Amino acid sequence: MTTLTRQDLNFGQVVADILCEFLEVAIHLILYVREIYPSGIFQKRKKYNVPVQMSCHPELNQYIQDTLHCVKPLIEKNEAEKVVVVIMDKEHHPVERFVFEISQPPLLSISSETLLSHVEQLLRAMILKISVCDAVLDNNPPGCTFTVLVHTREAATRNMEKVQVIKDFPWIVADEQEVHMEEAKLIPLKTMTSDILKMQLYVEERTLKT
Amino acid sequence: MDDLYLDNIDEFVNDQNKIVTYKWLSLTLGVHVNTAKQMLYHYLQQKRNESSGTPLHATYLVSGKCVENGNTCHKVSVVREDKLDAVKAKMDVTISVHVYSVQRAELKDSSPLYNADYDAVKENLKNCNKYSAIRCAAAVPISSAELQRAQEMALVPPAEKEISKPGLNENASATSKPSAKQPAGIMGMFASKNASKSQESSKEVKTEQKVDSSLVETSKSKTASKANPMSNFFGKSAQKKADEKPNKSIKEETDGNSTASATASMKQSQTSAKSEIDIKEEQSKVTNALKVESQDTRNKTKRPEIVDSDDEKIESQQKKRRRIKKPQPDSSDDEVVPDSPPVPNVHTPSPKKQVKREPVSHQESSEVKRRKRRRVLKSKTFVDEEGAFVTEKGYVSESYSESEEEPEPNSQAKDSSSLKQSFGKREEEKKEKNQKKTSTANKPTKQPSIMGFFQKK
């Protein structure tokens with residue numbers, strides 16, 4: 001059993017890598033399940049030893065990768081509180097918000113033999129829950145778009161605005177209308193607890209969608 | 001049986017929003033799979049009769065005989081409820097239909113079905129056939145001593161493994177459970193690619209054949225020195241399963257190499273390096289008998305890596321695969337391996353194929369290497385008298401072989417064409433290994449279309 005602290009940045013990077021990989025898969029899956037884009041652009045790929053749907057469209061993939069690339073430094077320093085995938089209708093009013101609440105324990109104690117396979121199992125369960133979420137959610141109106149918001153602790157975003165992690169990919173403070181949703185219903189999807197990471201996934205859904 | 005299970009299933013499906021497959025249900029409740037299937041069926045009936053509450057969706061497993069491309073094949077597929085009647089109508093004989101899973105969500109694709117019982121199956125890997133209806137008495141794990149010996153043997157011919165590695169790697173990639181959706185248009189491209197991938201990875205029969213052929217080549221060079229330990233190995237393993245009929249015939253064949261797994265070693269012994277025809281015919285009978293069992297054991301031992309593909313066309317693919325494989329043992333002419341014949345329930349002239357092997361392989365190679373000449377636009381760069389670089393484009397007549405043509409990218413959304421395309425690709429791979437390609441593949445010059453990025457995958 002090894003006990004590591006937050007200063008052990010190497011381990012923080014590992015956690016951030018795992019989480020960003022998972023978020024990439026999750027975002028692709030949300031886009032597929034909620035039919036934001038036509039299913040023709042998606043292709044079956046393998047992650048965590050199960051098939052998942054990932055998009056083949058290069059620009060979409062690049063956008064998602066750039067987004068997560070910018071989020072990664074926040075996760076490494078444990079400054080990201082929530083990562084939210086917001087689905088908006090044609091008027092840019094949010095209809096659904098998939099909220100990934102992330103917290104990392106300050107003291108990471110790991111017993112490394114089964115840790116990663118245990119984490120993989122938990123992430124697999126999250127993926128499964130996203131796949132069946134259409135049972136608990138109403139259908140979205142056509143022509144929806146999506147965006148990714150990050151809620152940070154304290155004032156970490158000030159640094160992000162000053163330093164562009166990726167050139168020509170600026171992050172801006174989100175509009176009020178994207179952040180808050182009226183008449184929201186909360187639908188919990190899955191919670192996972194492990195030694196290195198705690199994550200909760202729930203959906204805020206607008207009561208009247210059309 | 002009492003009706004508590006209905007409440008259990010209700011809790012799983014409605015409260016926990018799970019996908020309840022019959023396999024998962026049988027492992028969770030500790031019942032035989034057939035009981036689990038009936039439980040799901042009764043639950044569905046009850047809920048549908050109530051006609052209230054949340055809508056339920058179900059998937060079914062349909063298996064039967066059908067004719068495709070003129071070949072009769074046994075087809076097993078998992079279909080959604082709305083496609084069930086259509087799939088049943090397509091089959092000549094429907095052998096079995098049962099509920100595969102029940103869930104609240106309307107699944108868009110089949111990947112969650114695989115995910116749903118991954119963990120349950122993984123936990124019960126050692127005894128995953130505890131509640132199953134598939135049985136094989138010969139499928140017992142080999143002892144550690146034999147395993148060690150087999151591993152020592154496997155270390156000896158490392159070079160030959162190169163050929164078998166690509167096949168085994170494909171085998172290791174997981175494939176999802178089949179879905180019966182027929183994609184059209186853009187999806188057709190993806191479907192064909194998925195079909196080709198799943199077919200490539202699901203044919204363990206073929207990869208084992210590859211391993212067989214590669215190891216036979218090594219055995220030829222090393223039979224003299226290895227004969228005695230090998231015979232001991234087979235003597236011992238044969239003694240273990242002495243009650244089995246096929247093993248008596250294996251005992252007589254003492255030559256041959258072995259691989260790590262028991263089932264492969266059984267097949268291996270059959271593909272030993274003896275060129276007498278009577279032994280080969282004996283082998284064909286042996287493989288016939290063992291084929292059914294070894295397939296079953298493979299199904300059991302490789303449970304998490306699901307072998308199901310969209311349509312399991314065992315017989316037709318084996319036939320085609322045999323033809324493609326023939327050119328490979330070309331170099332070792334005298335000791336050509338008899339490929340294992342297909343499943344006995346479909347009648348094929350397998351012994352005839354073995355006898356005709358030599359002329360067929362020659363014919364195959366002539367078919368494969370039909371070379372043609374065609375004119376190709378090529379550019380030549382040279383230095384002219386003033387010392388300047390000049391690039392000239394001109395038509396040059398160049399020879400190319402048929403196999404280097406690229407397969408059609410826009411395949412129709414039909415199983416037959418996707419099957420053909422996958423075979424086209426497989427043939428290309430095979431032939432590339434055989435031929436020493438000196439000329440580069442000639443790509444027709446055309447404007448890349450907007451769909452170009454789809455084809456990269």
Side-chain angles (χ1 to χ4, degrees), chain A residues 25-26 28-62 114 117-139 187-192 201-203, chain B residues 13-20 54-57 101 103-123 172-179 181 183-195 197-198 201 304-306 450-457:
Chain A
V25 173
H28 281 266
L29 197 56
I30 290 172
L31 296 177
Y32 176 75
V33 173
R34 302 313 290 151
E35 293 171 338
I36 309 292
Y37 295 113
S39 46
I41 66 166
F42 291 93
Q43 189 194 38
K44 261 188 207 168
R45 305 257 289 274
K46 184 170 88 156
K47 187 69 185 171
Y48 311 126
N49 240 353
V50 291
V52 295
Q53 296 280 358
M54 302 277 287
S55 117
C56 303
H57 196 290
E59 281 183 27
L60 173 62
N61 293 356
Q62 192 60 44
T114 52
S117 66
H118 181 58
V119 170
E120 186 181 290
Q121 188 181 11
L122 295 171
L123 294 177
R124 222 181 358 248
M126 293 278 249
I127 298 282
L128 182 57
K129 273 295 178 219
I130 297 176
S131 316
V132 294
C133 72
D134 62 315
V136 291
L137 299 172
D138 299 325
N139 284 339
I187 297 142
L189 284 189
K190 190 99 180 88
T191 310
M192 73 166 257
L201 171 59
Y202 56 87
V203 185
Chain B
V13 172
N14 278 321
D15 299 343
Q16 297 179 19
N17 194 15
K18 267 184 172 337
I19 299 176
V20 179
T54 49
L56 286 179
H57 295 95
S101 76
Q103 65 275 343
R104 267 173 67 192
E106 185 177 353
L107 299 176
K108 285 185 189 49
D109 78 322
S110 58
S111 342
L113 290 176
Y114 179 78
N115 201 349
D117 44 29
Y118 182 94
D119 287 326
V121 169
K122 200 166 144 188
E123 270 172 50
S173 71
T175 55
S176 64
K177 293 220 176 113
S179 83
K181 287 188 244 182
I186 293 177
M187 284 285 275
M189 288 181 229
F190 295 109
S192 62
K193 288 182 173 55
N194 284 338
K197 276 190 201 144
S198 60
S201 56
E305 305 166 17
I306 295 292
I450 197 165
M451 302 306 233
F453 63 82
F454 283 124
Q455 294 164 18
K456 279 183 200 159
K457 301 285 172 184

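Residue numbers begin at 1 in each chain, while the letters A, B, ... track the order of the sequences. Nothing here was measured: the structure is a model prediction, and the numbers come from that model.
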Show your reasoning for whether side-chain contact (heavy atoms from CB on, under 4.5 Å) applies to B:D109 and A:Y32.
CA-CA 10 Å; B:D109 78 322; A:Y32 176 75; 3.4 Å; yes

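Counting only N and O atoms by type, the side chains of A:K44 and B:S110 include a donor and acceptor under 3.5 Å apart.
In this structure, the separation between CG on A:N49 and OH on B:Y114 is 5.5 Å, given to the nearest 0.5 Å. Note that OG of A:S131 is 6.5 Å distant from CG of B:N115, once rounded to the nearest 0.5 Å. Rounding to the nearest 0.5 angstrom, the gap separating the NZ atom in A:K129 from the CD1 atom in B:I19 is 9.0 Å.
By the 4.5 Å heavy-atom criterion applied to side chains, A:D134 and B:L107 are not counted as neighbours. Considering only heavy atoms from C-beta on, B:K18 stays 4.5 Å or farther from A:V132 through its side chain. B:D119 is listed as a side-chain neighbour of A:Q121, based on a closest heavy-atom distance under 4.5 Å.
Sparse packing is recorded around CD of A:E59, with 12 or fewer heavy atoms of other residues, nucleotides or ligands lying under 6.0 Å away.
Heavy-atom minimum distance, A:A135 versus B:N17: CB-OD1, 3.6 Å.
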